[in-house]
Amino acid sequence: QAKKAGGDTVRVVTDVGAQLGAVRGTTATGVVSAIRSGELRLHYQPIRSTVDNRIVSIEALVRWQHPVKGLLAPDRFLPEAERAGQLRDLDDWVLRRACSDMAELIARLADRVPEHVNVNVSVGTLRSGNVAAQVLAVLGDTGLAAGRLRIEVPETVDLTLLTAVVAELQVLHRHGVAFTFDDMGAGSSTLRHLSVMPVAGIKIDRAFVHGMLSHPGDHAVVRLLTELGRDLDLPTTAEGVETPEQLAVLRQLRVPYAQGYLLGRPLPLEHLVSELESGVVSRS
Ligand code: C2E
Ligand code: MG
Ligand code: MG
Ligand code: MG
């Protein structure tokens, strides 16, 4: 059934691309053309418990398998997609693919599948309207339970857009979809956001994790965000964990979750499956 939904995805997205092309009297370019020709890929990176190393979630990260330039990371094409007004198309494609991947994974591996799949949504998409309806439609089509989806909201979402964005998020929240603030500490005005947005967790920007061992200020930010998270019942995830020393400090600070090259690189889903199939693996 998830397979079937996946097939529909391609059709729906292709239609959107074709319509865009028809309206502009041009053929699709950039990300829209990549979607049409099936060149976008999702890699998944594990998010692990710092206590028992269990994979609690997988984050979907988009790549472009470009016919000439090879495998492109998002910083090579997201800015251009944004300028071209194509981020919504990209986010819709990612959401649908990630939800159908997760539904298939659950059908195959049942309780060995992590609790959540994390999907990044851009600010532009959040303010473009109808996001809640889109997400609910995708959940319905793929059969994924709302509680299995985590949407990562950029912490940099502009305060002036807050009312419209919060309204969309509240609708989804009522349907059981949870949100996490991404890259916390990298933007601004974030503490207010925490009190008005229905978030369920905080991801600490990797800049702080990177600086934590040499800069007391960065260490303090990680500690304070985690303490605040504990008070507000918003568990923190440390991003960009690359060394055992960093993981040790995070454990000392009782940061509950971590993500980074040390704990697993973003890889095609199949690479994660063998670890999931063998049950809960403890590596440290
Ligand atoms: P993000 O959501 O904060 O994702 C984490 C980024 O950090 C990923 O980069 C990941 O590969 C990288 N990373 C993970 N562990 C480590 C580590 O230990 N060290 C270092 N140096 N980096 C690490 P990636 O995949 O290049 O994505 C960059 C950004 O692009 C993402 O940051 C997110 O903001 C955006 N992005 C990625 N996929 C999507 C998507 O599907 N939709 C949207 N709207 N944005 C996306
Ligand atoms: Mg993210
Ligand atoms: Mg992040
Ligand atoms: Mg980041």
When you check the side-chain N and O atoms of Ser128 and Arg88, is any donor under 3.5 Å from an acceptor?
yes
Using distance alone, with no hydrogens and no angle criterion, decide if Asn118 and Gln45 have a side-chain donor and acceptor under 3.5 Å apart.
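Checked: Asn118/Gln45 side chains show no N/O donor-acceptor pair below 3.5 Å.
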Could you tell me whether the side chain of [Y] reaches within less than 4.5 Å of the side chain of [X], counting heavy atoms only?
| X | Y | value |
| --- | --- | --- |
| His215 | His219 | no |
| Met102 | Val113 | yes |
| Ile202 | Thr180 | no |
| Thr237 | Ile204 | no |
| His116 | Leu149 | no |
| Phe181 | Leu194 | yes |
| Leu269 | Leu42 | no |
| Asp101 | Tyr44 | yes |

Does any N or O in the side chain of [X] come within less than 3.5 Å of the main-chain N or O of [Y], such that one atom is a donor and the other an acceptor?
| X | Y | result |
| --- | --- | --- |
| Arg148 | Pro114 | yes |
| Asp91 | Ser122 | yes |
| Glu152 | Glu59 | no |
| Arg150 | Gly147 | no |
| Ser49 | Val51 | yes |

Rounded to the nearest 0.5 Å, how far does [atom2] of [Y] lie from [atom1] of [X]?
| X | Y | atom1 | atom2 | answer |
| --- | --- | --- | --- | --- |
| Thr236 | Glu227 | OG1 | CD | 10.0 Å |
| Asp205 | Glu239 | CG | CD | 5.5 Å |
| Glu80 | Leu87 | CD | CG | 10.5 Å |
| Arg41 | Leu71 | CZ | CG | 8.5 Å |
| Thr226 | Arg223 | OG1 | CZ | 10.0 Å |
| Leu126 | Ile151 | CG | CD1 | 8.0 Å |

Grouping I, L, V, M, F, W and Y whenever their side-chain heavy atoms are under 4.5 Å apart, do [X] and [Y] come out in a common cluster?
| X | Y | result |
| --- | --- | --- |
| Ile55 | Leu144 | yes |
| Ile58 | Leu109 | yes |
| Val166 | Val199 | yes |
| Met184 | Leu232 | yes |
| Val56 | Leu234 | no |

Minimum-distance pair of heavy atoms, taken over all atoms of [X] and [Y]:
| X | Y | answer |
| --- | --- | --- |
| Pro266 | Tyr261 | CD-CE2, 4.1 Å |
| Asp218 | Ala207 | OD2-O, 4.1 Å |
| Arg76 | Lys69 | NH2-CD, 4.0 Å |
| Val62 | Trp93 | CG2-CZ3, 4.4 Å |
| Ala200 | Pro235 | O-CD, 3.3 Å |
| Ile47 | Lys203 | CD1-NZ, 4.0 Å |

Sidechain N-carboxylate O distance under 4.0 Å for [X], [Y]:
| X | Y | value |
| --- | --- | --- |
| Arg174 | Glu168 | no |
| Arg48 | Glu275 | yes |
| Glu277 | Arg112 | no |
| Arg96 | Asp92 | no |

For His66, give me all partners under ring pair (Phe, Tyr, Trp, His ring centres under 6.0 Å), at least two apart in sequence or on another chain.
Trp64
Verdict with reasoning, Val32 to Leu90, per side chain to side chain contact (heavy atoms under 4.5 Å, CB included):
CA-CA 7 Å; Val32 167; Leu90 177 112; over 6 Å; no
Please say whether more than 12 non-hydrogen atoms of neighbouring residues, nucleotides or ligands are located less than 6.0 Å from [atom1] in [X].
| X | atom1 | result |
| --- | --- | --- |
| Asp233 | CG | no |
| Gln134 | CD | yes |
| His210 | NE2 | no |
| Arg254 | CZ | no |

Could you check Val131, Leu95, Val94 and say which one makes a side-chain contact (heavy atoms from CB on, under 4.5 Å) with Thr125?
Val131
Passing option when His43 is tested against His271, Arg63, Arg265 for side-chain contact (heavy atoms from CB on, under 4.5 Å)
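So, applying the side-chain contact (heavy atoms from CB on, under 4.5 Å) to His43 and each of His271, Arg63, Arg265, only Arg63 qualifies.
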Yes or no on side chain to side chain contact (heavy atoms under 4.5 Å, CB included) for Cys99 and Leu139, after CA distance, side-chain angles and deciding distance?
CA-CA 7 Å; Cys99 288; Leu139 290 173; 4.2 Å; yes
Are Gln246 and Leu213 close enough, and set up right, to give a side chain to side chain contact (heavy atoms under 4.5 Å, CB included), and what steps lead you there?
CA-CA 7 Å; Gln246 289 167 344; Leu213 284 121; 3.3 Å; yes
Val255 and Arg251: side chain to side chain contact (heavy atoms under 4.5 Å, CB included), yes or no, with the steps?
CA-CA 6 Å; Val255 177; Arg251 283 183 172 141; over 6 Å; no
